[in-house]
Amino acid sequence: MTDTTPRVRFAPSPTGLLHVGNARTALYNWLFARRVGGTFILRIEDTDLERSEARYETQLIKDLRWLGLDWDEGPGLAAGEPEMGSFGPYRQSKRLAIYAEHTERLLAEGNAYRCFCTTEELEVERARAVAEHGPQVYSGRCRALQSAEIEKNLAAGKPFSVRLKIGTEPLRFHDLVHGPVEFAAEAVSDPILVRSATSISAGVPVYNYVVTIDDALMQITHVIRGDDHISNTPRQVAIYQAFGWKVPEFAHLSTILGADRERLSKRHGATSISTFRKMGYLPEALVNYLALLGWGAEDGKTETFTLEELTRAFSLERVTPSPAIFDFDKLNWLNRHYLKECNTDRVLALSLPFFLNEVPQLHLTKEGLVAGSRHSEWFERLIQLLLPYVDHLDQLPVKAAPIFAFDPASARANEENAAILAVGSARTVLTELAARVRVHSGPVTPEVFKGWMKEIKAATGVKGEELFHPVRIALTGAHSGPVFDKLIPLIEDGATLGLGILGICDRIERFAGV
RNA sequence: GGCGCUAUCGUCUAGGGGUUAGGACGUGAGAUUCUCAAUCUUAAAACCCGGGUUCGAUUCCCGGUAGCGCUACCA
């Protein structure tokens, strides 16, 4: 290995949606590679044929791309594109022959041996270990098998697994986030490399084995992955040593936990990248949040980073070893931050899909508003007005509901509303308002509206909250919402669009009539 | 049971032998506004426990405790 350019990999198995924990691992790998001008490799661990599915691989690639990550070697950056890089294939299912070849070599060189122990026999050993409170390790019994006996077993067609011979020296490795780590050889014991079969080529190699071969052959210099692999690492170190390969640097990232300190899972809420996308989170918010989950800027203060800023600031040395609890509130804060920074066209394009089913009358296609549609300008104002009220875009339709669907009866039924309306002054105010609406013709401009409010204030002596609250309820069904100056023209203009939106006067009359 | 990893406000973290232990999210209060959201100001809020080393430990060492992981012919 003469090349000193760092090479890192992200090696997910396509057995489900990309989880935020794995996404963070991918991000840290990518940031490290981009920071130091190294190579980032995507490798698909699809050896679990029963659970691996092509659609998950396609989705995985989409999700990584959505986050803004790309890779220098691995599957194509889009579905159907050829593999990139000269260390392939990059799907483990295509590398089976390579593993078998290496197993032959290990056996020939005496660093591995065939184990004919049956599951039942091993179970007995394990049960004894538990009873004696000792470590549950393999005795190494089949190491001592004479070649005559091996031949006899083979001839009899007895299935065997292949085990690695572990020496007596402690197994050590260096971890960029944990420092030096050491395991006693006895605690590791001879691990299985290839599962039971009657021939080596028929045997299915085990995860720890193929990962190590792939990492070595792909010349990975820094293995950055979840810390649930720490205990697997000594076994992998032993494999590197058995082949005479250089042991890489490691960086084990802490687990992401839920609020209850258990591993983050679906019951904690959204966990997959595609779910966050569907909820209307911005990729830059998610990337920023994930970067902060286990890593902090050198100044200890900066919280917002673009991907480019991250590639300049990131370092593995500043990654925290302790587990982190996923905080939806902070993610929401970052998303609100980036939503504010987002340009209008993009927010609009991202928001529209959430209205597709809510407002079928809209002149919408999947791509957005029909060009030149008179809905377009109005919709932009609507989104802009509502944007400060949401954490993520899928909350928009709910916030917009009072504009599209006006329901006086349920507005009155609402407990808080009822309390406000029950005050005597509220009834007076609404009576005055209705009287003005009856004699009014033409659109209600903010100026007209302000004039009414001024008159009512003068006529009734009601002012402030007691004046505006009931009016707001009569107009929108809610006692809170955007400022009237913007809300009123939006409603009035909306009423002319043929979307079934009621105008100001209609609203007040209907409300009075209930 | 064995082995390993981890331990600073509720949460994410900065820091590090002597600091008013810093920042951010969230929370409380205030300002603004008809209201809510946003925004600004402000407040409360932390070094797991016990030993040792030291003039001094939250920081270094040891032990305990707790959480998590591995302990598979899962990945």
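To find a chain, count down the sequence lines: A is the first, B the second, and so on, and within it residues start at 1. Just so you know, these numbers come straight off a predicted model, no measurement behind them.
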Look up atom [atom1] in [X] and atom [atom2] in [Y], then write down how far apart they are to the nearest 0.5 Å.
X: A:Leu286; Y: A:Ile273; atom1: CG; atom2: CD1; answer: 4.5 Å
X: A:Trp295; Y: A:Ser315; atom1: CH2; atom2: OG; answer: 7.5 Å
X: A:His102; Y: A:Leu107; atom1: NE2; atom2: CG; answer: 13.5 Å

Within the 4.0 Å heavy-atom criterion, would you say [X] contacts the bases, only the backbone, or no part of the nucleic acid?
X: A:Ser254; result: nothing
X: A:His479; result: base
X: A:Gly294; result: sugar-phosphate
X: A:Asp228; result: sugar-phosphate
X: A:Lys330; result: base
X: A:Ile325; result: sugar-phosphate

Under 3.5 Å, side chain of [X] to main-chain N/O of [Y], donor-acceptor pair present?
X: A:Tyr289; Y: A:Asp327; result: yes
X: A:Glu262; Y: A:Leu257; result: no
X: A:Arg318; Y: A:Gly296; result: yes

Step by step, would you call A:Asn288 with A:His337 a side chain to side chain donor-acceptor pair (under 3.5 Å)?
CA-CA 11 Å; A:Asn288 196 151; A:His337 168 81; over 6 Å; no
Residue-phosphate contact under 4.0 Å: [X] side-chain N/O, [N] OP1/OP2:
X: A:Arg336; N: B:rG26; value: yes
X: A:Arg318; N: B:rG15; value: yes
X: A:Lys340; N: B:rU39; value: yes
X: A:Arg261; N: B:rU11; value: yes
X: A:His178; N: B:rU6; value: yes
X: A:Arg126; N: B:rG1; value: no
X: A:Thr320; N: B:rU13; value: yes

On the side chain of A:Tyr389, is there an atom forming a donor-acceptor pair with the base of B:rC36 - under 3.5 Å, no angle test?
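Looking at the base of B:rC36, it does pair with a donor or acceptor on the side chain of A:Tyr389 (distance under 3.5 Å).
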Can you check whether any acceptor in the base of B:rG69 is under 3.5 Å from a donor in the side chain of A:Ser231, or vice versa?
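Answer yes: a donor N or O sits under 3.5 Å from an acceptor.
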Decide, applying a 5.5 Å centre-distance limit and a 30° plane-angle limit (both strict), whether A:Phe484 stacks on B:rC34.
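Whether judged by distance or by angle, A:Phe484 passes, so it stacks on the base of B:rC34.
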Would you kindly give the [atom1]-to-[atom2] distance between [X] and [N], to the nearest whole Å?
X: A:Ile456; N: B:rC34; atom1: CD1; atom2: P; answer: 16 Å
X: A:Leu331; N: B:rG26; atom1: CG; atom2: P; answer: 12 Å
X: A:Lys450; N: B:rU33; atom1: NZ; atom2: C1'; answer: 13 Å
X: A:Lys486; N: B:rA37; atom1: NZ; atom2: P; answer: 18 Å
X: A:Leu334; N: B:rU13; atom1: CG; atom2: C1'; answer: 13 Å
X: A:Lys399; N: B:rA37; atom1: NZ; atom2: P; answer: 10 Å
X: A:His252; N: B:rC5; atom1: NE2; atom2: C1'; answer: 11 Å
X: A:Glu182; N: B:rC70; atom1: CD; atom2: P; answer: 22 Å

Any strand counts, and the cut-off is 3.5 Å on both contacts for Watson-Crick or G-U wobble. Which nucleotide pairs with [N]?
N: B:rG56; value: none
N: B:rA46; value: none
N: B:rC73; value: none
N: B:rG4; value: B:rC68
N: B:rU11; value: B:rA24

A:Lys301, nearest nucleotide to its side chain (from B:rA75, B:rU35, B:rG22)
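The closest nucleotide is B:rG22.
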Gap in Å between the two P atoms, one belonging to B:rU58 and one to B:rA21, rounded
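About 13 Å, rounded to a whole number of Å.
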